[in-house]
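These notes concern the structure reproduced below.
These figures come from a predicted structure and were not determined experimentally.
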Amino acid sequence: MTHRGTRNPEDIKRDVRLQLTSDNRLGRADIRVEVSDGTLVFSGTVPTYSDKQSAEEDAYAISGVIFVDNRLTVSPPSMIRIPRDKDIAARLTKMLKWNPAIDASRIRVSVADGIVTLTGSACSSWEKAGAGQLAENVTGVMRVDNLLKVEPGASVQDRQIERELRESLDRNIFVDASRVVIIVKDGVVTLKGTVDNHHAFRTAQDIANYTGGVVSVNNELVVTG
């Protein structure tokens, strides 16, 4: 994601710190922030991998942030027993099976030193993302490598994907669809153009992910705010 325009680094740093402080999910995090030429560097520790992702999302919501170099280390609190790799794998496997939106029979889970690797296939881009998000929220997970291949059950023509995605964007109040260029090739969607803010950026990406037949999404939208 790219932002246009520049802001004073100290102003960006202040706003990011305020955003992190107001995010109750990060109450136990110890995060240091540095900013230079629009690049924000996170260092320090967070209790879970999902906290690391949440901090990055908070940073991208701030005007002037061009890129987040997320160096946060996952360090669970001392009072929490860190599960063994096989226990993490077993718990995640059960969570995938219990989720009615995910076909767990097509997904293989492996864990080494807290690093989860998902292999196999998913029927849609959103199913792949959903499996990864479940893994992020398991205690003891340090990183998630989501290597699932998207293999839609039915073939959908690129023009149909483009048409349905265009119609969905046109209906959405958060995205000015007239400023978004859609390119689809072999189920891979590329979004180009401009949006006003991070929320619109993520909304456009989510809509693309949720469109039938989409294999993956390259979001090259520029945030102008």
Taking side-chain contact (heavy atoms from CB on, under 4.5 Å) as the test, write out the residues that go with N8, two or more places apart.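 E10, D11.
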
Close side-chain approach of [X] to [Y], heavy-atom, < 4.5 Å:
X    : Y    : result
I102 : K97  : no
K192 : V180 : no
R143 : Y49  : yes
L221 : V223 : no
V46  : I31  : yes
V184 : Q157 : no
L134 : N99  : yes

Decide yes or no on side chain to side chain contact (heavy atoms under 4.5 Å, CB included) for R202 and N219, but give the supporting numbers first. CA-CA 9 Å; R202 287 306 305 269; N219 194 342; 5.9 Å; no

Is a donor from one side chain sitting under 3.5 angstrom from an acceptor on the other, for [X] and [Y]?
X    : Y    : value
E57  : Q53  : no
S50  : T48  : yes
D103 : S105 : yes

Give the intermediate values and the outcome of side chain to side chain contact (heavy atoms under 4.5 Å, CB included) for residues V65 and I12. CA-CA 7 Å; V65 175; I12 296 174; 3.7 Å; yes

Interatomic spacing from [atom1] in [X] to [atom2] in [Y] - rounded to 0.5 Å:
X    : Y    : atom1 : atom2 : result
T190 : N218 : OG1   : CG    : 4.0 Å
Q19  : D23  : CD    : CG    : 7.5 Å
N172 : D176 : CG    : CG    : 11.0 Å
R163 : I182 : CZ    : CD1   : 12.0 Å
R159 : E162 : CZ    : CD    : 10.5 Å
R108 : L147 : CZ    : CG    : 10.5 Å

For R71 and S43, run side chain to side chain donor-acceptor pair (under 3.5 Å): C-alpha distance rounded to whole Å, both residues' side-chain angles, the deciding distance at 0.1 Å, then the answer. CA-CA 5 Å; R71 303 179 187 177; S43 59; over 6 Å; no

Where at least one partner belongs to residues 75-90, residue pairs that pass salt bridge (charged side-chain N to carboxylate O under 4.0 Å, His left out), sequence neighbours excluded: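 Of all non-adjacent pairs touching residues 75-90, those that pass salt bridge (charged side-chain N to carboxylate O under 4.0 Å, His left out) are R84-D87.
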
Can you run down the salt bridge (charged side-chain N to carboxylate O under 4.0 Å, His left out) pairs that involve residues 41-54, sequence neighbours left out, and say none if there aren't any?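 Applying salt bridge (charged side-chain N to carboxylate O under 4.0 Å, His left out) to every pair that reaches into residues 41-54, excluding sequence neighbours, yields nothing.
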
Short question: side chain of [X], backbone of [Y] - any donor-acceptor pair under 3.5 Å?
X    : Y    : result
D58  : L20  : no
K128 : V150 : no
N146 : A131 : no
Y60  : V68  : yes
D37  : T39  : no
R7   : S63  : yes

Any Lys/Arg nitrogen of R17 or D15 sitting under 4.0 Å from an Asp/Glu carboxylate oxygen of the other?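 Salt bridge between R17 and D15, a charged N being under 4.0 Å from a carboxylate O: no.
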
Pairing residues for K94 by the salt bridge (Lys or Arg N to Asp or Glu O under 4.0 Å) criterion, not counting sequence neighbours: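 Once residues adjacent in sequence are excluded, K94 has no partner under the salt bridge (Lys or Arg N to Asp or Glu O under 4.0 Å) criterion.
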
Restricting to non-hydrogen atoms, name the atom on A55 and the atom on F42 that form the minimum distance, rounded to 0.1 Å.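 Distance-wise, the nearest heavy atoms are O-CE1, 3.4 Å.
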
Test N24 against L26 for side chain to side chain contact (heavy atoms under 4.5 Å, CB included), laying out the working first. CA-CA 5 Å; N24 288 332; L26 303 174; over 6 Å; no

Verify side chain to side chain contact (heavy atoms under 4.5 Å, CB included) between L40 and D69, making sure each step is shown before the conclusion. CA-CA 6 Å; L40 183 146; D69 183 0; over 6 Å; no

Could you name each residue pair satisfying ring-ring contact (aromatic ring centres under 6.0 Å, His included) that touches residues 127-164, not counting sequence neighbours?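 Qualifying pairs, neighbours excluded: none.
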
Under 3.5 Å, sequence neighbours excluded: what are the donor-acceptor pairs made by side chains of residues 115-126?
| from | atom 1 | to | atom 2 | distance (Å) |
| --- | --- | --- | --- | --- |
| S121 | OG | R106 | NE | 3.1 |
| S121 | OG | R106 | NH2 | 3.2 |
| S124 | OG | W126 | NE1 | 3.1 |
| S124 | OG | E127 | N | 3.1 |
| S125 | OG | N209 | OD1 | 2.5 |

